[in-house]
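A quick write-up on the structure given underneath.
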Amino acid sequence: MRTVRFYFDVISPYVWLAWAQLPEVEARTGARFDLQPVLFAGLLQANENKGPAEIPSKRVHMLHDIARWAMTLKRPYAGPPAHPFNPLKAQRMCAAIDDPEARRRLAGALIVATWEQGRDLMNDAELCAIADDAGLDGSALLAATEEKVVKERLRKNTEQAIATGVFGVPTFLVDDQLFWGNDRLGFLETYLAGGLRIDKAEIEERLARPRAADRKNV
């Protein structure tokens with residue numbers, strides 16, 4: 001069984017759209033997705049970037065795009081009560097879990113709770129209830145979000161992702177190949193089947209070509 005590392009942050013609707021497609025992808029490929037919590041804000045900061053919800057025109061487009069995806073995938077779509085929101089506690093709760101299957105269960109429950117059920121992941125009572133309903137100890141996990149080791153684990157997860165070349169979520173890592181976005185799952189499937197093998201020498205040659213223009217900072 002191949003393992004695909006799935007970098008996620010519950011703040012992203014595209015993480016939800018990827019999560020919705022995982023069962024079918026896993027059934028077709030035999031791969032298993034290992035969900036790794038990171039902070040999207042940390043990825044953005046490291047790459048001097050803004051999230052789509054921080055750019056007015058992108059935010060409008062994103063809301064239309066998500067609605068179209070939800071209709072296509074036949075998933076209920078409520079969306080969180082506010083967006084962007086602070087996902088820190090939810091991500092730390094996931095980082096507090098060592099067992100990959102339990103971590104995946106909580107991550108999926110949190111993702112569905114906010115995007116399909118419209119629940120508030122900045123509310124401690126909601127976080128506890130979602131974890132409890134997933135068969136976990138919500139109170140213990142919420143308390144763990146204040147532990148230094150858990151804070152450090154999430155920070156290191158994010159730093160490791162950045163070092164690997166991750167700049168957004170969802171991102172999938174298998175072998176040394178990164179696939180970014182729920183709309184790249186088809187490429188990932190083809191890669192797992194032995195296709196889409198890129199000539200690394202060609203990529204390196206293209207990367208070595210000089211930049212001919214740069215946009216001025218404004």
Side-chain angles (χ1 to χ4, degrees), residues 2-22 25 29 31 33-73 79 83-88 91 111 115 154-218:
R2 303 289 296 280
T3 297
V4 178
R5 184 167 289 189
F6 178 173
Y7 294 105
F8 78 95
D9 186 328
V10 294
I11 196 173
S12 170
Y14 295 101
V15 164
W16 162 54
L17 295 169
W19 171 260
Q21 298 173 75
L22 284 199
V25 174
T29 64
F33 287 71
D34 178 20
L35 272 77
Q36 293 291 322
V38 296
L39 285 178
F40 182 41
L43 304 181
L44 294 175
Q45 184 174 356
N47 290 281
E48 299 181 346
N49 200 1
K50 287 185 176 182
E54 296 175 293
I55 302 170
S57 58
K58 279 191 175 183
R59 187 168 188 265
V60 172
H61 169 77
M62 180 180 70
L63 293 174
H64 284 82
D65 193 44
I66 299 163
R68 293 181 187 120
W69 270 103
M71 285 187 280
T72 300
L73 296 174
H83 191 264
F85 61 89
N86 188 341
L88 182 59
Q91 293 300 97
I111 291 165
W115 291 104
L154 181 58
R155 185 183 67 80
K156 285 186 175 180
N157 274 5
T158 305
E159 289 179 350
Q160 184 272 335
I162 292 167
T164 304
V166 175
F167 55 85
V169 289
T171 293
F172 310 97
L173 171 66
V174 60
D175 301 328
D176 61 349
Q177 299 295 301
L178 292 175
F179 298 85
W180 170 58
N182 68 292
D183 54 347
R184 300 305 195 278
L185 283 169
F187 286 169
L188 174 59
E189 281 196 57
T190 302
Y191 178 83
L192 289 170
L196 296 182
R197 292 306 198 256
I198 305 284
D199 187 328
K200 293 182 180 179
E202 286 186 6
I203 298 296
E204 291 300 322
E205 188 277 326
R206 290 168 185 153
L207 285 171
R209 296 175 188 176
R211 298 172 62 90
D214 285 295
R215 183 168 54 88
K216 291 182 179 180
N217 292 328
V218 293

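Keep in mind it's a predicted model, so treat the numbers as computed, not measured.
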Regarding R197 and the six-membered ring of Y191, is the cationic atom NZ or CZ under 6.0 Å from the ring centre and inside 45° of its axis?
yes
Assess whether side-chain contact (heavy atoms from CB on, under 4.5 Å) is satisfied between I198 and I203, documenting all intermediate values.
CA-CA 8 Å; I198 305 284; I203 298 296; 3.5 Å; yes
Point-to-point distance, once rounded to the nearest 0.5 Å, from CG of L73 to CZ of R68:
14.0 Å
Does Q45 have more than 12 heavy atoms from other residues, nucleotides or ligands lying within 6.0 Å of its CD?
no
Suppose the criterion is salt bridge (charged side-chain N to carboxylate O under 4.0 Å, His left out): which pairs have a residue in residues 45-63, not counting sequence neighbours?
none
Take atom CZ of F187 as the centre, draw a 6.0 Å sphere, and report whether it contains more than 12 heavy atoms from other residues, nucleotides or ligands.
no
Which heavy atom of V60 sits nearest to which heavy atom of H64, and what is that distance?
O-ND1, 2.9 Å
Whether N47 side chain and L43 backbone form a donor-acceptor pair below 3.5 Å
yes
Flag, side chain of Q36 to backbone of Y7, donor-acceptor distance under 3.5 Å:
no
Sidechain-backbone polar pair: D175 side chain, Q177 backbone, donor-acceptor under 3.5 Å:
no
Less than 4.5 Å apart, side chain to side chain, heavy atoms only: is that true for Q160 and N157?
no
Could you walk me through whether R206 and R209 pass side-chain contact (heavy atoms from CB on, under 4.5 Å), step by step?
CA-CA 5 Å; R206 290 168 185 153; R209 296 175 188 176; 3.7 Å; yes
Decide side-chain contact (heavy atoms from CB on, under 4.5 Å) for Q21 and N182; before the verdict, give the C-alpha distance in whole Å, the side-chain angles of both, and the deciding distance to 0.1 Å.
CA-CA 8 Å; Q21 298 173 75; N182 68 292; 3.7 Å; yes
To the closest 0.5 Å, what do you measure between CG (D9) and OG1 (T171)?
11.5 Å
Mark yes or no for whether W115, through its side chain, and V10, through its backbone, hold a donor-acceptor pair below 3.5 Å.
yes
Is the closest side-chain heavy-atom distance between I11 and F85 below 4.5 Å?
yes
Is the shortest heavy-atom distance from the side chain of F40 to the side chain of V15 under 4.5 Å?
no
Decide yes or no for F172 and F33: does some side-chain heavy atom of the first lie under 4.5 Å from some side-chain heavy atom of the second?
yes
Donor-acceptor contact below 3.5 Å, side chain T158 vs main chain L39:
yes
With rounding to the nearest 0.5 Å, note down the distance linking CH2 in W69 to CH2 in W16.
11.0 Å
Taking atom CG of D65 and atom CG of L17, what is their separation to the nearest 0.5 Å?
8.0 Å
For a 4.5 angstrom cut-off between non-hydrogen side-chain atoms, does V38 reach V166?
no
Indicate yes or no for a side-chain donor-acceptor contact from H83 to the backbone of S12 under 3.5 Å, with no hydrogens or angles considered.
no
Between I162 and G42, which heavy-atom pair has the shortest distance, and what is it?
CD1-O, 3.8 Å
Smallest separation among heavy atoms of F8 and P37, with atom names:
CE2-N, 3.3 Å
Residue pairs passing the salt bridge (charged side-chain N to carboxylate O under 4.0 Å, His left out) test where at least one lies in residues 178-196, sequence neighbours excluded:
R28-E189
Indicate yes or no: at least one non-hydrogen side-chain atom of L154 is less than 4.5 angstrom from one of L88.
yes
Does this structure show an ion pair linking E204 with K200, if we count only N-O contacts that are shorter than 4.0 Å?
no
